[in-house]
Every structure is written in structure tokens, then in C-alpha cells.
Amino acid sequence: MRIIRLDEQSRQDILANLLKRDPNHYSGYEATVQEIVEDVKSRKDEALLEYTEKFDGVKLEAGQIRVAQEEVREALSLVDPALLRVMEKSMANIREYHEKQKRYSWFDSKPDGTILGQKVSPLASAGVYVPGGKAAYPSSVLMNIIPAKVAGVPRIVMVTPPGKDGKVNPVTLAAAHLAGVTESYKVGGAQAVAALAFGTESVPRVDKIAGPGNIFVALAKKAVYGHVSIDSIAGPSEILVLADDSANPRYVAADLLSQAEHDELASAVLITTSMELAQKVSKEAKGFVQVLPRREILKKSLENYGYILVADSMADAIDAANEIASEHLEIVTRNPFEVMAKIRNAGAIFLGEYSMEPLGDYFAGPNHVLPTNGTAKFFSPLGVDDYVKKSSIIYYSKEALESAHKDIEAFAEAERLTAHANSVRVRFEK
């Protein structure tokens, strides 16, 4: 990994390079995605089946788009029982964490006859996109479905691409079943997002779409936003490790590579106050790359978006971390809680040398669907709030309104909205 002295110029250059990975910079794909979305909106199942054959290499009939219960039972029988037990443990942690996020309706009544409040209601339906094909991501299934279940969403739909055999990966199906999915469909890519947004003969529409995917999925979510809600437009994965000379270089290198292996666009950044640590981490990372199976992806990721930045002080290091606003931030310093108090921007923060990023991906409980590409400056991790909506409650008695009606009328008249003023005034006509 390249070692660079952190200064204002290097910080700006690295930020510019990292932001190139933002899905919004891939405008060359937008026309293609928009064409797919419009086609599915217009031709529904017919288009879905054509794109599934074209992109996934499998020919399905309309009656095969929805996953049958027999397929779920078969999947459960194929998954290693030990893995099922691990998923159940992970689910318990995820559910317990997200239960603490639940919000409740509230009402505040006053002696003057006013009642104000907020009604919290779950969404009627939510769609979860899960990457598929050869790979299986059961952790992503759990992280997207369980907050929706905790929120009380009655209909939770999963879409995922089928394999060449026309089936969904059994581990993915098993995880969805355990998490409580309502129904699953064998469709992926931009066409799946369009189906969830507009509905087809086989796939009823939903109110919100969540879940990670490739650039086509991200751009499709962007294209349908407004017709439905979405969680975010996620970019490639990223990790930033903030460390001082007390950090274990082997641990740090391993953690950096845990994200770099996702794909060639993933970023792995170490910011440290120790040149000695920087050099040792670079050496350890090189050694790991030689022996890890995904070495080609690791090489490309580190070559394009891997950095070791050496700062003059921890204050400078923290400033840079806040500017980058990484999806995952590990703090490996003598006093990680003290440093954490100065962090403003990060998707998830891992404290100490035994709190590595994969702990959050699979087991601890906090959601691993996180803001990327600097959006941690204004976005939060996926959670229960993403699956509820809030309605304001307003009640005024006649007596309460009487004391305020002239003020309201004056406000409306100032905006020249005389019908607004009249709506209040007629209630006090002599």
C-alpha cells in the first residue's frame, strides 16, 4: 500500500479520487437503466422474463418468478444446520439492537384545549434487494429484513437474481425465511427495482426499496425514487482505520483487506500518526495479498483506492477522518473512546483492536447497511426509522382556537392567502 504524508493537498487529492466511485458519477449507464425501468413499467412480466434470460442466463415462465414454498423447504434442507444456528444467533443480536430503535406515537395535551402529537405507523410494504447469482449474502438479508419486521411492516418482499439453474441460492432463501420475509421473487438487476416500484402481474409494488446492489441497481433506485421511497444510493464499500503507534500492524492490515476484497472499487485507508506503523502495515498487507484467494481483486482495490496516510498529529488525523466520512471507521488507539468523542462523520464506528469491521457485518447487531462516499455527513445506517412513517396530530378546541384565530388570520393575510384566513375567520362570525 502506498504511504503518503497527510497535508491539505494530499487530503483533497484523495477525497477527489474516492468520490469518483460515487454512483452519481456513472452517468454513462443512466440511459440504459432508464430504458430498462421504463420497459418493465410498460411491459411488466414480459419484460422481466426477457431481462432475466438476457442478464442471468435463465429462461423462466411467469409462474416461476415467485419462489414456491417447496423451494423454501428444499433450501432449508440443503443448508448446513450449523450455519442455520449461527444465523439464528446473529438474528437475535440484530433484533435486540433494533428493538431499541423503536419509536412510539405520542400526544401532548394542554389545559388550553390543544392536543398535539405524532402518530408512528409502519409502512404497508417494503422490498429488499439482495445480490445473488453464484454468491450468497445471508447477512445482507438479515440486516434488511429484521428492522422492517421490528418496525411492524406487514408485507416484506425479497428480490434476488436466480442462478443458472433457475433457483435462488439456498442460503439466501433460508436466511429470508428465518428473518420473516413474506414473499420472494427470482429477479435481479435494474428490472427487479422497476418491478418493485411499479408492479407487474407477478410482483406487486411496494412502498420502499432497500438493499445493496451493483451500479445498475443503484441507478435504478435513483430512477424510481419519488414513485417509491428508497434507503439510499449506495456506492462501493470502504473502510478507514484511525491508529496510533499502539496498534497491532497485522490486525490493521487484515482489517483493511476485509473491505478491499469486496470489489475493485472498494477503498481501504489507514490514517496514523506513526510512520513505523505505516511501514509495518504496508508490509503485512502485501503478505496477506499473496495468500488470500481474492488476491486479484485486492491488488486492484489497493492500487486504485488504498492509502496509508501519515499525519503529524492525532488532531490532523481526526480532521481527515471526519472529512472522508467513511462507511466503516475503526479506531485503534490507546484511548479509542476519547477519539470517538471527536468523530462527527462515520457510518459505523468500531472501537479497539478486538472490534473489527466483520464483527459488524455479521454478528454484533447494529446494521451493516451504511452510508458510503462521504454521505455519512448527512445519512445514517439503515434502521427501524427507515420502515416507519410519521403523521402529525393536531386538535384545538373552540376555546383554544379563539385565543389564536386573529394571529393565524394575520399570518395568512400577510402571505396574501385570503382563503386560508377565511377558513379560520368563518368559525367566529357573529
Side-chain angles (χ1 to χ4, degrees), residues 56 58 60 64-100 126-188 192 210-213 237 254-255 258-259 261-262 292-294 348 350 354-369 382-384 387:
D56 299 309
V58 57
L60 299 177
Q64 297 174 306
I65 295 176
R66 180 166 175 164
V67 175
Q69 284 304 307
E70 297 78 29
E71 294 176 271
V72 177
R73 286 191 286 271
E74 180 188 18
L76 287 167
S77 71
L78 293 173
V79 178
D80 183 349
L83 177 57
L84 291 176
R85 288 193 293 272
V86 170
M87 286 196 285
E88 286 170 347
K89 289 180 183 178
S90 176
M91 280 176 53
N93 292 340
I94 297 166
R95 187 178 294 109
E96 181 181 6
Y97 180 86
H98 287 85
E99 285 281 355
K100 292 179 173 65
V128 173
Y129 187 95
V130 177
K134 293 179 181 179
Y137 298 97
S139 61
S140 185
V141 176
L142 303 183
M143 291 291 183
N144 281 276
I145 292 176
I146 290 174
K149 290 292 290 185
V150 170
V153 178
R155 178 172 168 258
I156 304 171
V157 178
M158 180 178 75
V159 292
T160 189
K164 300 295 184 185
D165 59 358
K167 296 182 178 181
V168 174
N169 189 294
V171 176
T172 298
L173 269 188
H177 173 76
L178 291 175
V181 79
T182 312
E183 62 219 61
S184 300
Y185 297 92
K186 304 172 194 173
V187 58
S237 191
D255 294 356
S258 73
Q259 289 308 287
E261 77 168 343
H262 271 293
L292 290 168
R294 295 168 70 87
F350 301 80
Y354 295 104
S355 305
M356 73 299 298
E357 188 279 336
L359 176 64
D361 268 356
Y362 296 112
F363 203 75
N367 212 289
H368 78 199
V369 181
L382 185 73
V384 173
Y387 293 106

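Counting from 1, the numbers follow the sequence of the chain as shown.
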For the atom pair [atom1] ([X]) and [atom2] ([Y]), what is the distance rounded to the nearest 0.5 Å?
X: I65; Y: S184; atom1: CD1; atom2: OG; result: 13.5 Å
X: L359; Y: Y354; atom1: CG; atom2: OH; result: 13.5 Å
X: M356; Y: S258; atom1: CE; atom2: OG; result: 9.5 Å
X: F363; Y: M91; atom1: CZ; atom2: CE; result: 12.5 Å

With R66 via salt bridge (Lys or Arg N to Asp or Glu O under 4.0 Å) - residues at least two apart:
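Once residues adjacent in sequence are excluded, R66 has no partner under the salt bridge (Lys or Arg N to Asp or Glu O under 4.0 Å) criterion.
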
Once salt bridge (Lys or Arg N to Asp or Glu O under 4.0 Å) is applied, do any residues pair with E71, and if so which ones, sequence neighbours excluded?
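Once residues adjacent in sequence are excluded, the partners of E71 under the salt bridge (Lys or Arg N to Asp or Glu O under 4.0 Å) criterion are K186.
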
With a 4.5 Å heavy-atom cut-off, do S139 and D361 have their side chains touching?
no

Are the side chains of L83 and V171 in contact, using a 4.5 Å heavy-atom criterion?
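Yes, at least one pair of side-chain atoms sits under 4.5 Å.
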
Would you confirm whether S237, through its side chain, and Q259, through its main-chain N or O, come within 3.5 Å as a donor-acceptor pair?
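Flag not set: sc S237 to bb Q259 has no pair under 3.5 Å.
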
Kindly say whether V369 contributes a backbone atom to a donor-acceptor pair with the side chain of N367 at under 3.5 angstrom?
yes

Report, one line per pair, each donor and acceptor closer than 3.5 Å where one atom sits in a side chain of residues 140-147; sequence neighbours left out.
residue: S140; atom: OG; partner: N144; partner atom: ND2; Å: 3.4
residue: N144; atom: OD1; partner: G211; partner atom: N; Å: 3.3
residue: N144; atom: ND2; partner: S140; partner atom: O; Å: 2.8

Should L173 and M158 be marked as a side chain to side chain contact (heavy atoms under 4.5 Å, CB included) after you check the CA-CA gap, both sets of side-chain angles, and the distance that decides it?
CA-CA 9 Å; L173 269 188; M158 180 178 75; 4.2 Å; yes

Shortest non-hydrogen contact between [X] and [Y], atoms and distance:
X: A151; Y: Y387; result: CB-CB, 3.7 Å
X: A175; Y: M87; result: CB-SD, 3.7 Å
X: V187; Y: A192; result: O-CB, 3.5 Å
X: T160; Y: G132; result: OG1-CA, 3.7 Å
X: Y137; Y: V130; result: O-CG1, 4.3 Å
X: Y129; Y: P212; result: CD2-O, 3.0 Å

Side chain to side chain donor-acceptor pair (under 3.5 Å) partners of residues 147-157, not counting sequence neighbours, each pair once
R155-E183

Please collect all side chain to side chain donor-acceptor pair (under 3.5 Å) contacts where either partner lies in residues 80-96, sequence neighbours excluded, each pair once.
none

According to side-chain contact (heavy atoms from CB on, under 4.5 Å), who are the partners of A92, at least two apart in sequence or on a separate chain?
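For A92, no residue satisfies side-chain contact (heavy atoms from CB on, under 4.5 Å) once neighbours in sequence are set aside.
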
